[in-house]
Colleague: 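Before I ask anything, let me first share the structure, which is written out below as C-alpha cells.
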Amino acid sequence: MTNTKPDTNTPASDGKKAVVIGAGIVGVNVGLALLKKGYDVTILDRGEPGRGTSFGNAGGIAVSECAPIAMPGTLLNVPGWLMDPYGPLSIRWTYLPKMMPWLLRFIAASSKSRVEQISTELAAILNRVWEDYDPVIAEAGLNDAVFKKEGALGVYRSERTRRDAEYGIDLRRRKGIKIRDITRDEIMDLEPDLAPIFPCGVIEEDWGRVLDPFKIVTGLYKHFIERGGKFQTADVTNFVYRDGQPRAAMTTTGDQITFDTLVVACGAWSKTLAKRLGSPVPLDTERGYNTTVPYHDVKLSRTIISADDSIILTPMEMGIRVGGAVELGGLIAPPNYDRAKALFAKGKEVLPKLNAEGGTEWMGFRPSMPDSKPVISKSPKHRNVFFSFGHGHLGLTMGATTGRLISDLVTGSQTPIDMTPYRINRF
C-alpha cells in the first residue's frame, strides 16, 4: 500500500548535516540520495568504502527473489541441514545459544500465511529496483559495461525437484515476477558448457548482475564525493546526546562527529549501534562463502542458480564466482574455507570445465533479519535517527531503492510504498 499523503511528522532536524554510518552499497546509496535532497552528508566507516560484504557478493540484481529464506516446510528440513556441515544451512554449535532467539523467529516466519505476507512486502521493494537504480547508474556514469540485465537461469537435476519448487515459483509469479519454464534442450542452447544433467529449468527474466560488485560501490562512492559528499574513517561506538537527542557519534579514537541527522547503515554491525540508540533488533549474520576462478576455457553468459545444490554461479569481469549456502556463526569466529571448497566442488558438477587454478576464496557477513525483510525505518525513540540494514542476500539489489526510501523518510516526504512492514520495532 502506498502512503496516501506526505508524512506530517516533524522532519529529522532543522539542520542539514547528515552522517551515514556504513560505506557499503546501502550506505553509499543512502548518502547519494540525501545529497540530492540538499543535505551535507558525511559517510563514516572503519574501513575502506566497499571493502565489507559489498566487496565479494554474488553480484546479482535479484529482483525476482521476493520469496523469504524461511519457507513452508523449513522446520522439517532444518535438522537435516544442520547435520550436514557443508549443506545449505550450517551452524557453529558454540554459537547456537546466541542464535536461538533468531532461529525461533526464523521458523515462525516460515508459516504459509507469513510467507505470503512477507513475499508481498519484499516484492513492494523489488518491483521498484530498476526504476530506482537506472537513474543512479546513469548519473554516476555506470552503464551496460558494468550492469547486465539478461536474466538468470535456474536449473533442476530432476523433474521432481522442479515440482518441489513449484510453490516458491508460483508465489513469485503471483507477485508480478516474470519466470518461464524451459526444457533441457533450451538449457543447453543457452549454456552449452553446463553439464547435461538438468532436464528442466526456468528463466528469471528480470534478474540482472554486475561485473564487479566492488567497482559498483566504488563507482557510486566516487560519484558521491564528486557531488560534494564527504568520507571519514571512523569506528563509531556510542553517541553524545543533547536535549534528549543523539547529536554526535563517538569513535574509538575519542573523536565526536556532530550531526543533525543520523542513518545507521553498517550491515551486520548495525545491531550494536541500534541498541545504543534504544532500538534492540533481532539482527544476526549469515556468513557467505565463495570462490572466484579465472575463466580458462569456460564459457558462461548469465547467472546460474542450481536449486538442488544451493549454489549460484556468476560470470564476472575477473572470472566465475561460485557461492551460496548459509553458515550461522556470528561475527567473531574465523572463516571455515572448507565450505567454499565444498561449494566449488558442487560448482564443478554444474559447470565441469571450472578450474580452481588461480582462484581466490572469500567470506562475508550478510546482515539478516529472521523474516528476510530489511530494516528501513525511522527510530521510534529519536526523530533525527534512521535505520537502514538487514538486507540479507539483497543488499546490492535493494541499494538504490533503500537510498530513495530513507531520503523520503528523512525529509518527511511521501514514500512510494507503505513503510510499516520494514520498521525496526516490528518484532
Colleague: Please work out whether the ring planes of Phe239 and Phe259 are parallel, tilted or perpendicular, with thresholds of 30° and 60°.
Modeller: perpendicular
Colleague: Once you measure the plane-to-plane angle for Phe387 and Phe389, does it fall in the parallel (<30°), tilted (30-60°) or perpendicular (>60°) bin?
Modeller: perpendicular
Colleague: Would you compute the distance between atom CG of Asp134 and atom CD of Glu139 and round it to the nearest 0.5 angstrom?
Modeller: 11.0 Å
Colleague: For a quick check under 3.5 Å, do Glu65 and Thr397 share a side-chain donor-acceptor pair by atom type?
Modeller: no
Colleague: Run the salt-bridge test on Glu204 and Arg172 with the 4.0 Å N-O cut-off and return the result as yes or no.
Modeller: yes
Colleague: Between Glu317 and Lys215, does any NZ, NE, NH1 or NH2 come within less than 4.0 Å of an OD or OE carboxylate oxygen?
Modeller: yes
Colleague: Using 0.5 Å steps for rounding, measure from the OG atom of Ser54 to the CZ atom of Phe214.
Modeller: 10.0 Å
Colleague: Is it true that the side chains of Lys341 and Thr291 contain a donor and an acceptor less than 3.5 Å apart?
Modeller: no
Colleague: Kindly compute the distance separating OG (Ser301) from CG (Leu153), expressed to the nearest 0.5 Å.
Modeller: 8.5 Å
Colleague: May I ask you to check whether over 12 heavy atoms, not counting those of Lys112, lie within 6.0 Å of atom NZ?
Modeller: no
Colleague: Start with the C-alpha distance between Ile417 and Tyr422, add both sets of side-chain angles, then the distance that settles side chain to side chain contact (heavy atoms under 4.5 Å, CB included), and finish with yes or no.
Modeller: CA-CA 11 Å; Ile417 62 174; Tyr422 322 106; 3.8 Å; yes
Colleague: Give the intermediate values and the outcome of side-chain hydrogen bond (donor to acceptor under 3.5 Å, both in side chains) for residues Ser306 and Lys346.
Modeller: CA-CA 9 Å; Ser306 180; Lys346 291 181 178 181; over 6 Å; no
Colleague: First locate atom CD of Glu48, then atom CZ of Phe55, and finally report the distance between them rounded to the nearest 0.5 Å.
Modeller: 9.0 Å
Colleague: Check this for me: does any side-chain nitrogen of one of Asp40 and Lys230 sit under 4.0 Å from a carboxylate oxygen of the other?
Modeller: yes
Colleague: Return yes when atom NZ of Lys36 has more than 12 non-hydrogen atoms of other residues, nucleotides or ligands closer than 6.0 Å, and no otherwise.
Modeller: yes
Colleague: Contact between Lys381 and Leu277 at the side-chain level, heavy atoms closer than 4.5 Å - yes or no?
Modeller: no
Colleague: Give the intermediate values and the outcome of side chain to side chain contact (heavy atoms under 4.5 Å, CB included) for residues Arg105 and Asp371.
Modeller: CA-CA 7 Å; Arg105 290 187 172 102; Asp371 61 359; over 6 Å; no
Colleague: Do the charged groups of Lys178 and Asp206 touch, with an N to O distance under 4.0 Å?
Modeller: yes
Colleague: Below 30° counts as parallel, above 60° as perpendicular, anything between as tilted: where do the rings of Tyr289 and Tyr337 land?
Modeller: perpendicular
Colleague: Checking Lys17 against Thr258 for the side-chain hydrogen bond (donor to acceptor under 3.5 Å, both in side chains) test, could you report, in this order, the C-alpha distance in whole Å, the side-chain angles of both residues, the deciding distance, and whether it holds?
Modeller: CA-CA 8 Å; Lys17 186 175 183 180; Thr258 60; 2.9 Å; yes
Colleague: Might you point out which heavy atoms bring Ala109 and Val115 nearest each other, and give the distance in Å?
Modeller: O-CG2, 3.6 Å
Colleague: Thr53 side chain to Phe365 main-chain N or O, any donor-acceptor pair under 3.5 Å?
Modeller: yes
Colleague: Hey, does Asp260 have a side-chain heavy atom less than 4.5 Å from the side chain of Arg247?
Modeller: yes
Colleague: Evaluate the side-chain proximity of Asp181 to Arg162: yes if any heavy-atom separation is below 4.5 Å, no if none is.
Modeller: yes
Colleague: Is any side-chain heavy atom of Leu343 less than 4.5 Å from a side-chain heavy atom of Asn290?
Modeller: no
Colleague: Let me see the working for Asp284 and Tyr95 under side-chain hydrogen bond (donor to acceptor under 3.5 Å, both in side chains), right down to the final yes or no.
Modeller: CA-CA 11 Å; Asp284 221 294; Tyr95 192 68; 2.8 Å; yes
Colleague: Is there a side-chain contact between Phe344 and Ile311 in this structure, where contact means two heavy atoms from C-beta onward sitting under 4.5 Å apart?
Modeller: no
Colleague: In Å and rounded to the nearest 0.5 Å, what is the CG to OG distance from Asn425 to Ser379?
Modeller: 8.5 Å
Colleague: Using side-chain contact (heavy atoms from CB on, under 4.5 Å) as the criterion, point out the one residue from Met316, Glu150, Lys149, Arg321 that pairs with Arg209.
Modeller: Glu150
Colleague: Quick one: do the Asp308 and Thr161 side chains pair a donor with an acceptor below 3.5 Å?
Modeller: yes
Colleague: Taking it one step at a time, do Phe224 and Phe231 satisfy ring-ring contact (aromatic ring centres under 6.0 Å, His included)?
Modeller: CA-CA 9 Å; Phe224 167 79; Phe231 173 79; 8.7 Å; no
Colleague: Mark yes or no for whether Asp235, through its side chain, and Thr252, through its backbone, hold a donor-acceptor pair below 3.5 Å.
Modeller: no
Colleague: Checking side chain to side chain contact (heavy atoms under 4.5 Å, CB included) for the pair Ile137/Phe147: CA distance, chi angles, key distance, verdict?
Modeller: CA-CA 9 Å; Ile137 293 166; Phe147 277 84; 3.7 Å; yes
Colleague: Are Arg174 and Glu116 ion-paired here, with the side-chain N under 4.0 Å from a carboxylate O?
Modeller: yes
Colleague: Do Met369 and Arg426 have side-chain heavy atoms sitting under 4.5 Å apart?
Modeller: yes
Colleague: Can you tell if the side chain of Pro374 reaches within under 4.5 Å of the side chain of Leu122, non-hydrogen atoms only?
Modeller: yes
Colleague: I'd like to check Val20 versus Leu44 (side-chain heavy atoms, cut-off strictly below 4.5 Å). Are they in contact?
Modeller: no
Colleague: Just do the side-chain hydrogen bond (donor to acceptor under 3.5 Å, both in side chains) check on Thr42 and Gln232 with the steps written out, would you?
Modeller: CA-CA 7 Å; Thr42 301; Gln232 183 173 337; 6.0 Å; no
